[in-house]
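A quick write-up on the structure given underneath.
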Amino acid sequence: MGVIARYREYLPVGPATPEVDLHEGSTPLVPSRNIGRALGLERLFFKYEGLNPTGSFKDRGMVVAVAKALEGGSRVLMCASTGNTSASMAAYAARTGVRAIVVVPSGEIAMNKLSQALMYGAKVVALKGTFDTALDAVRELTSRYPVALMNSVNPNRLEGQKTAAFEIVDALGDAPDYLLLPVGNAGNITAYWKGFREYHKAGHSTRLPRMVGAQAEGAAPIVAGHPIANPRTVASAIRIGNPASWEGATSARDESGGLIAAVTDTEILSAQIRLANTEGLFAEPASAAPLALLIRLVMEGKIEKDSTTVVVLTGSGLKDPDAALNNVEPPIELDGDARTLAKVLKL
Ligand code: AN7
């Protein structure tokens, strides 16, 4: 079952909305076995969004946005992307038989995300500049031509993405105390906050979480309080200098009593390895940013040890293996038999 079927009553869909479904959503809320204990946190969970059909949380919003675009008669879909949005849009466009055009910042997106968009049959344009340049161009074109804008400025994207908050409440029986996630274009933090509030209002939870957003230090416009012209970070998914949902992010932060802070690339990569090494969860660098922030906040004594904390792992580590492989030992190259192998391995 996809998110439209599961949460239909909370979504802007009706009898005229076409059925679209890649079995997105229903991702596991994995309890931490090791990091939580090491940090002294009793209840730490990972929302494992890398298990969505195209490997990121984007599928939740895309399925709704594509269904609504089809309902409205669109035949051409377009987005700007740091990679995951384009992969997701291309998949749902392929499934429903409409054209997909994606504009990505040239040389700035992970190869595996690009391969997804190409394999699903999208027309891919690598535009010189940043994600923000690409989004400006896409916004202009979609306002002038009969082409549907599929970035998260499309409200149907956020409607679908809010279902992740519902799932967390359904799994825990209540909202967590803290919800940590990466912030790039800021759609997801906006969507989660909307989801938690709606579900609370519907009586499914007794409380609301504090929303904690992580940006990368070289791409932290919301933390800095102004747009960043040339965002820099190893976490290419969140290499964004002027988030479209800026206001949504700061409202989520302020209304929930949360915070948005920046972590360094070193902290991101070390959190990424720790997550893979000690939990068996391989997430892409952007997804490790909120874990890096959590580690810091715990050290600073800013998270109560008995709190229920959820870290959203927004995308699969398989999306961007290059970023990870720079930080692990390469394979041992060996020409030999079992005996030499045993010796090298010190068995
Ligand atoms: C893995 O694909 O912006 O703050 O164009 O791929 O809602 O933007 C991706 C963003 C976090 C940030 N984690 O979410 C795109 C794109 C992963 C991501 C984010 C993205 P938003």
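What you see is a predicted model, and the numbers here were worked out from it, not measured in a lab. As the structure lists them, so they are numbered: ligands from 1, and atoms in each ligand from 1.
Between Arg6 and Ser26, the side chains place a donor N or O and an acceptor N or O closer than 3.5 Å (distance only, hydrogens not considered). There is no side-chain donor-acceptor pair under 3.5 Å between Thr82 and Ser236. Between the side chains of Gln116 and Lys319, at least one donor-acceptor pair of N or O atoms lies under 3.5 Å. Tyr92 and Asp21 share no side-chain donor-acceptor pair at under 3.5 Å.
Proximity of the aromatic rings of Tyr199 and Tyr10 is defined here by a centroid distance below 6.0 angstrom, and this criterion is met.
Nearest protein heavy-atom contact of atom 17 (C) of ligand 1 is Thr314 OG1, 3.3 Å. Among all non-hydrogen protein atoms, the one lying nearest atom 7 (O) of ligand 1 is Asn188 N, 2.7 Å. At the top of the distance list for atom 2 (O) of ligand 1, counting protein heavy atoms only, stands Thr85 N, 2.7 Å. Of the protein's non-hydrogen atoms, the one nearest atom 14 (O) of ligand 1 is Phe57 CZ, 3.6 Å. Annotation: atom 18 (C) of ligand 1 to nearest protein heavy atom, Ala237 CB, 3.5 Å. The shortest contact between atom 10 (C) of ligand 1 and any protein heavy atom is with Lys58 NZ, 3.1 Å.
Contact between Ile228 and Gly218 at its shortest, heavy atoms only, is CG2-O, 4.1 Å.
Near Val183, meaning under 4.0 Å from any of its heavy atoms, are these atoms of ligand 1: 4 (O). The Asn185 neighbourhood of ligand 1 comprises atoms 4 (O), 8 (O), 21 (P), with distances under 4.0 Å to a heavy atom of that residue. Heavy-atom contacts of Pro182 reach the following atoms of ligand 1: 11 (C), 13 (N) (cutoff under 4.0 Å). For ligand 1, the atoms sitting less than 4.0 Å from at least one non-hydrogen atom of Thr82 are 2 (O), 3 (O), 5 (O), 9 (C), 15 (C), 16 (C), numbered in the order shown with element in parentheses. Near Ile240, meaning under 4.0 Å from any of its heavy atoms, are these atoms of ligand 1: 3 (O).
An N or O contact shorter than 3.5 Å links Gly184 to ligand 1 by distance. For ligand 1, the polar-atom distance check finds an N/O of Gly187 within less than 3.5 Å of one of the ligand's N/O atoms. Note: an N/O pair closer than 3.5 Å links Asn84 and ligand 1 by distance alone. For ligand 1, the polar-atom distance check finds no N/O of Glu284 at less than 3.5 Å from any of the ligand's N/O atoms. Looking at ligand 1, you'll find an N or O of Ser81 within less than 3.5 Å of one of its N or O atoms. In terms of polar-atom proximity, Ser86 is not counted as a contact of ligand 1, lacking any N or O under 3.5 Å from an N or O of the ligand.
In this structure, Asp177 does not pair ionically with Arg43, as no charged nitrogen and carboxylate oxygen lie closer than 4.0 Å. Between Arg274 and Glu279 no salt bridge is recorded (no basic side-chain N to carboxylate O distance below 4.0 Å). Between Glu217 and Arg232 no salt bridge is recorded (no basic side-chain N to carboxylate O distance below 4.0 Å). Contact check on Glu198 versus Lys201 returns no salt bridge, with no Lys/Arg side-chain nitrogen under 4.0 Å from an Asp/Glu carboxylate oxygen. Remark: Glu108 engages Arg239 in a salt bridge, criterion side-chain N to carboxylate O under 4.0 Å.
Residue contacts with ligand 1 for Gln161 are absent, since no atom lies close enough (heavy atoms, distance under 4.0 Å). Residue Ile238 touches ligand 1 through its side chain alone, judged by heavy-atom distances below 4.0 Å. Residue-level proximity to ligand 1 for Asn151 is absent, since no heavy atom of it falls below 4.0 angstrom. With a 4.0 Å heavy-atom cut-off, ligand 1 is reached by the backbone of Ala186 but not by any atom from C-beta on.
Side-chain contact check for Thr27 versus Asn52: some heavy-atom pair is nearer than 4.5 Å. In this structure, Phe57 and Asn84 have side chains that are not in contact, with every pair of non-hydrogen atoms separated by 4.5 Å or more.
Note on ligand 1: Ser56 sits outside its first shell, no heavy atom being nearer than 4.0 Å.
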